[in-house]
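Have a look at the structure below, then the notes.
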Amino acid sequence: MWGWRSVSVATLCIALSSASPAPAAEPVGQAVVIKTEVTGQSGPIEVDTSVHRNERIKTSQSGLGQFLFRDGTKLAVGWGSSVVIDKYVFDDSQSVKKLTIRAAKGTFRWVSGSSNSSAYQILTPAGTIGVRGTAFDFYVGPDGTTAVVLLNGAARFCGPGGCRQLQQRCDCVVAKPNGDMSAARRVDPSILETLGNQRALPFLSGNQRLAGGIGMLGGCNMASVAPERKDRNRPPPPRDPAPTPSPQRQDPPQRQAEPQKERPATPDKPDKPHHDKPDKPDKHDGRGRHEHHDQHDDHDYHDKGHHRDRDRDRDHDKDRDRDGDRNHDRGRNFNRNR
């Protein structure tokens, strides 16, 4: 009887223990910048949302997330990326004993916090990035090909083919999962052809812009790459650019001015001068000419009348003189006869 009672108590304890809730995941940091779509274990991640240990963070093809860990470490996750916060051991001195992230694919920027460099480790399909008080960008392709570009401090990449030291700013290493690894050399835009993806390393090329001090790093002569800027919340420009306006539409005043200066006379419609048109009889001028003629005739008429009067007066004077002479002669003859 006691045996059956012991079994019942044990079964009840197991049932109660299985019904108790699992401990919540430990928060290790929070999101400070989110653009378009970023998701975590519990769904979409928003600004100030906490991220937890063992949580997988994914971004859409235009997504961008910036995260700040408790020790000040900064991680930017670009478009089309997937990363897991694998290990996180925090102590009471505002630093971590161990912080490991596992990058499956995509593009990232890492800036170390206040913890010892040996506490940080980034795992990729082609090898491991060892941090030495560092800032760097790294890219993981669909086939596991990994590229690391140093921005500050120093770093080391180790894979099946050995290790490479990155000591100078803009030093770059490209490694494959099979062990093939390039020598460390200065990065240039040709690395995008090597990786087979023009969207790789978008923080260096300017395709995606980061906020805060983490965005001030970069350059390395990669900004000459034509940006896609798909992280902006506006539609992309059309693929077919608008046709270039013709010079006539670009400079309408010149097109209008030139014909005025150099336009030849049109042969079929010559400009006729005004004097070639037949003169119409001017009634006013005709009246003027007739009036002038009449005035001239009146003047001649008056002149003739005046001459006739003067001639009559002259003839009258002559007659008077002749009468006087005759009277004088008569008187002289009369005196002689006496």
Side-chain angles (χ1 to χ4, degrees), residues 24-117 119-122 129 131 133-140 149 151-153 155 199 201-219 227 229-234:
E26 179 186 5
V28 297
Q30 65 181 8
V32 293
V33 174
I34 297 295
K35 294 183 179 179
T36 64
E37 185 180 354
V38 181
T39 59
Q41 184 175 354
S42 301
I45 297 178
E46 299 178 354
V47 174
D48 295 333
T49 298
S50 296
V51 291
H52 305 84
R53 181 170 54 88
N54 294 327
E55 183 174 11
R56 181 179 294 275
I57 299 171
K58 294 182 179 181
T59 60
S60 66
Q61 292 302 314
S62 60
L64 171 65
Q66 290 181 223
F67 302 91
L68 178 64
F69 293 95
R70 293 172 64 180
D71 72 329
T73 297
K74 299 175 182 178
L75 176 66
V77 184
W79 50 36
S81 301
S82 175
V83 61
V84 177
I85 304 171
D86 193 26
K87 295 180 181 180
Y88 190 93
V89 181
F90 190 77
D91 59 19
D92 295 333
S93 61
Q94 297 300 316
S95 62
V96 295
K97 294 181 179 179
K98 194 70 174 178
L99 174 55
T100 302
I101 67 170
R102 187 181 301 273
K105 65 175 182 176
T107 182
F108 309 87
R109 175 166 290 182
W110 170 277
V111 179
S112 298
S114 59
S115 303
N116 293 328
S117 299
Y120 303 116
Q121 193 176 45
I122 295 105
I129 305 173
V131 179
T134 294
F136 54 85
D137 282 12
F138 64 101
Y139 167 78
V140 179
V149 180
L151 302 177
N152 190 19
R199 288 164 56 88
L201 303 173
F203 307 140
L204 289 178
S205 63
N207 283 354
Q208 284 190 307
R209 295 290 181 89
L210 300 175
I214 191 173
M216 300 302 294
L217 303 170
R229 306 310 306 276
K230 291 186 178 180
D231 58 318
R232 292 186 175 180
N233 295 325
R234 63 181 184 183

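Counting from 1, the numbers follow the sequence of the chain as shown. What's counted below: heavy atoms across the whole structure, side chains too, no hydrogens, waters or symmetry copies.
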From CA spacing to verdict: side chain to side chain contact (heavy atoms under 4.5 Å, CB included), L204, L151: CA-CA 10 Å; L204 289 178; L151 302 177; 3.9 Å; yes
Spacing of E37 atom CD and K58 atom NZ [to the nearest 0.5 Å]: 11.0 Å
Considering all heavy atoms, the nearest T107-S81 contact: N-OG, 3.0 Å
Close side-chain approach of F69 and Y88, heavy atoms under 4.5 Å: yes
4.5 Å side-chain heavy-atom contact, E46 and I34: no
Over-ring placement of R70 relative to F90, 6.0 Å and 45° cut-offs: yes
Spacing of L99 atom CG and D71 atom CG [to the nearest 0.5 Å]: 6.5 Å
Closest approach of Y120 to S114 (non-hydrogen atoms, all atoms of both residues): OH-N, 3.8 Å
Spacing of L64 atom CG and Q208 atom CD [to the nearest 0.5 Å]: 5.0 Å
Straight-line distance of L75 CG to I85 CD1, nearest 0.5 Å: 7.5 Å
Among R56, R102, K105, the one residue meeting side-chain hydrogen bond (donor to acceptor under 3.5 Å, both in side chains) with S82: R56
Side-chain H-bond candidate by donor/acceptor type, W110 with S112, under 3.5 Å: yes
Matching residue for F67 among V28, V38, V33 - test: side chain to side chain contact (heavy atoms under 4.5 Å, CB included): V38
Exam field: side chain T134 to backbone V131, donor-acceptor pair closer than 3.5 Å: no
From OG1 (T59) to NZ (K35), nearest 0.5 Å: 13.0 Å
